[in-house]
Amino acid sequence: LSLAQEYGKKLGEKGIPVKSIRRTRTAQVSKPVDAVSTAMSKTYTVLVVNQVKRTQSNGTAFCIAPNYFMTCAHVIQRYNKANGEKLNIPSVSKECSITLVQNDKQFPATIEFVNEAMDVSILKSEAPAAAFEFEKNLKIGDDIIVVGSPHGFEGNVTFGNINSLN
């Protein structure tokens, strides 16, 4: 199986239907190695260990301000909003340890904010990272780089372009 097929299979195992995975054009970035290196330095793996349920989940967080990191809420507590499951943040805060990891260095984190509807969670940690600077004048067709660990595919880097602003 190709990596794309493996990814599709893994999504299917998680109950996420995949009709097709197609290759998109590679973005033209002036210095892609520098761009990826900068993005990776601002990105951490989130490790959540629930001592009560004896479960572990992971995902990706990126720095949005000094000591503040954004991740998906479903990373903090495994839940499937498509099935109507809800987050139980007080339970997660008591039962789980949350750690940001980068280059084998670990930094404890706490939950500061969760928006279930948007599947967003803000974590606070002393992990050293500069915040991403968000472009205010995005246009359709602009190149982007996405860094993350979707469904366990660690250190995934994808180049693409903006195809919608809504």
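The residue from I111, N50, V52 that alone fulfils the side-chain contact (heavy atoms from CB on, under 4.5 Å) condition with C96 is N50.
In terms of heavy-atom proximity, A130 sits nearest to C63 at O-CB, 3.6 Å. Closest heavy-atom contact between A127 and N67: O-ND2, 4.4 Å.
Taken from CD in Q56 to CG in L47, the straight-line distance is 4.5 Å, to the nearest 0.5 Å. With values rounded to the nearest 0.5 angstrom, D119 atom CG is found 5.5 Å from H74 atom NE2. Rounded to the nearest 0.5 angstrom, L123 CG and F113 CZ are separated by 12.0 Å. Of the inter-residue distances, the one linking E126 atom CD with F107 atom CZ reads 10.0 Å to the nearest 0.5 angstrom. Atom OG1 of T71 sits about 11.0 Å away from atom CD1 of I64, to the nearest 0.5 Å. Residue Q106 holds its CD atom at 12.0 Å from OH of Y44, rounded to the nearest 0.5 Å.
Side-chain atoms of I76 and V114, non-hydrogen and from C-beta on, never get closer than 4.5 Å to each other. For the pair Q51 and S97, the minimum side-chain heavy-atom distance is below 4.5 Å.
At least one donor-acceptor pair closer than 3.5 Å links the side chain of Q102 to the backbone N or O of T43. The backbone N or O of V48 sits nowhere less than 3.5 Å from a side-chain atom of N58 that would complete a donor-acceptor pair. At distances below 3.5 Å, not a single donor-acceptor pair connects side-chain atoms of T60 with backbone N or O atoms of T45.
Linking Ile, Leu, Val, Met, Phe, Trp and Tyr residues whenever their side-chain heavy atoms come within less than 4.5 Å leaves V101 and F69 in two separate clusters. Residues V49 and V46 do not share a hydrophobic cluster, defined by chaining ILVMFWY side chains whose heavy atoms lie under 4.5 Å apart.
Here P108 pairs with nothing under the side chain to side chain contact (heavy atoms under 4.5 Å, CB included) rule; sequence neighbours left out.
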